[in-house]
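All ligand and atom numbering here is 1-based and tracks the order in the structure. Count residues from 1 along the sequence.
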Amino acid sequence: MTEDINIQWYPGHMTKTRRMMEAELKLVDAVCEILDARIPISSRNPDIDAICGAKPRMVILNRIDMADPARTKAWADHFKALGYSVIQTDCKSRRGITDFSPALNRLLADKRRRYAEKGMAGKPLKAMVVGIPNVGKSTFINQVAGRKGAKAENRPGVTRGKQWVTVDAGLLLLDTPGILWPKFEDPEVGLRLAWTGAVKDDILDTQTLAARLMDALWQAYPQALQERYKLDSSLLPADFSERAASGRGFVLLEQAAKKRGFLLPGAELDIERMSGVLLEEFRSCKLGRFTLELAEL
Ligand code: G4P
């Protein structure tokens, strides 16, 4: 977790960030937006299109090592169909990182041609990386720059001289990522951001957070839950599908706690412990590689 997660995105903060971003955008020819491939909608900033205007855009679907491969492909197709250049990356293993420069070159081919026509063939083209906290911006920039360890400057409101990373001959990337605010107002979005660790998970108590995750996974990937926690749908109550999402999730959490033998003194089920285990196993992909949002095809 990075310190950015602690930032409270008050309206004043958003306005300031937006102004800074708009100023930085004047310096660049393209905007590369990093999304978490597990939640490409919820990890998007809602105002990104308005902020970027007509700049050429790239979508970087990151954390593909944690996401459902078939759904990642569907998301890549979705964003391509909307006119974005798309790459898919796993910044931990560097998978997809070498696709960045060719994709950026293609995205900016027209601009380069226009420069050449004006006799400015050698003028470097510039891009910047943007995204909500914790999507992997800093890691991505470090990977592209071939750096290890050193964290790219990653705090909003910090003004310093602009530094550029050379991506390829004639291609520069702003060393400082643009940090956008996540959209919390929608409770479903807040849940997905908390499950994936993009925001602190104290937005809800652990048991409710885990119950809602259990329910969401049961809808999308029931087999994985059945296999890992030995859940048995025949043991679920008959009115199961009628129950509210967290109620269904609690029933499943109880079953999983029972199978794991998580008991409190007095033989009461330790749901708190099971909740922590579920969240940890989801976040570390022990349950599988899941994408919680579907691309419209
Ligand atoms: P940010 O600048 O957008 O805030 O994100 P940052 O690069 O700090 O990355 C946040 C966390 O996500 C880091 O983990 C980073 O290693 C991890 N991460 C980034 N890209 C990927 C990816 O493609 N796959 C996986 N599995 N993880 C990724 P951390 O726990 O904060 O640190 P550490 O475990 O790397 O030490």
Side-chain angles (χ1 to χ4, degrees), residues 1-9 13-14 17 20-21 24 31-45 48 51 58-69 71-73 75-76 79 86-100 103 127-158 160 163 165 167 173-184 189 192-201 279-293:
M1 295 263 179
T2 64
E3 64 190 26
D4 309 313
I5 295 167
N6 297 321
I7 294 166
Q8 297 290 315
W9 293 93
H13 201 123
M14 292 182 202
T17 308
M20 270 180 53
M21 188 81 68
E24 295 201 319
V31 182
C32 308
E33 180 189 6
I34 304 200
L35 303 180
D36 185 326
R38 297 170 298 174
I39 48 166
I41 300 172
S42 297
S43 60
R44 277 203 110 180
N45 172 274
I48 181 86
I51 295 172
M58 182 188 292
V59 164
I60 300 165
L61 289 169
N62 190 37
R63 294 215 177 94
I64 55 167
D65 53 314
M66 307 177 93
D68 178 333
R71 290 189 176 182
T72 299
K73 185 183 174 306
W75 276 112
F79 285 115
V86 180
I87 64 167
Q88 302 171 35
T89 55
D90 162 7
C91 283
K92 283 247 160 154
S93 74
R94 284 188 55 82
R95 203 170 134 218
I97 294 290
T98 52
D99 295 339
F100 180 56
M128 75 183 284
V129 164
V130 303
I132 66 166
N134 212 36
V135 280
K137 299 178 297 298
S138 180
T139 316
F140 179 83
I141 293 173
N142 282 339
Q143 292 285 19
V144 166
R147 286 188 301 228
K148 279 214 176 102
K151 188 146 169 89
E153 188 59 69
N154 200 7
R155 279 172 294 144
V158 177
R160 48 164 217 170
Q163 310 239 2
V165 173
V167 175
L173 183 66
L174 189 61
D175 191 11
T176 320
I179 303 169
L180 294 165
W181 55 96
K183 185 180 171 186
F184 283 104
V189 170
R192 289 173 197 158
L193 291 169
W195 295 334
T196 54
V199 298
K200 288 208 290 185
D201 55 12
L279 288 166
E280 193 281 321
E281 296 195 342
F282 169 75
R283 288 175 183 152
S284 59
C285 296
K286 287 192 189 102
L287 277 166
R289 295 167 63 182
F290 301 142
T291 299
L292 300 173
E293 291 169 339

**Request:** Answer yes or no: is there an ion pair linking E280 with K286, defined by an N-O contact shorter than 4.0 Å?
**Result:** yes

**Pick from R63, R283, K137: the one approaching atom 17 (C) of ligand 1 most closely through a non-hydrogen atom** = R63

**Item:** Contacts of type side-chain contact (heavy atoms from CB on, under 4.5 Å), residue L279, not counting sequence neighbours
**Value:** W195, T206, L209, A210, L213, R283

**Prompt:** Numbering the atoms of ligand 1 from 1, which are under 4.0 Å from a heavy atom of K92?
**Reply:** 16 (O), 22 (C), 23 (O), 24 (N), 25 (C), 26 (N), 27 (N), 28 (C), 34 (O), 35 (O)

**Asked** Is the closest N or O pair between F140 and ligand 1 shorter than 3.5 Å?
**Response** no

**Asked** Got a sec, which residues hit side-chain contact (heavy atoms from CB on, under 4.5 Å) with N62, two or more places apart in sequence or on another chain?
**Response** I34, T89, C91

**Matching residue for M128 among E24, K137, E33 - test: side chain to side chain contact (heavy atoms under 4.5 Å, CB included)** = E24

**G96 to I87 - nearest heavy-atom pair and separation** = O-CD1, 4.2 Å

**Message:** Let me confirm one number: the NE2-CD1 distance from H13 to I179, rounded to the nearest 0.5 Å.
**Reply:** 8.0 Å

**Contact partition for N134 relative to ligand 1, non-hydrogen atoms under 4.0 Å** = both

**Item:** D90 neighbourhood, listing ligand 1 atoms whose heavy-atom distance to it stays under 4.0 Å
**Value:** 22 (C), 23 (O), 24 (N)

**Asked** Does any N/O atom on M66 come nearer than 3.5 Å to any N/O atom on ligand 1?
**Response** no

**Pick from L61, T139, I60, T89: the one approaching atom 6 (P) of ligand 1 most closely through a non-hydrogen atom** = T139

**Asked** What do you reckon, does C91 have a nitrogen or oxygen under 3.5 Å from a nitrogen or oxygen of ligand 1?
**Response** yes

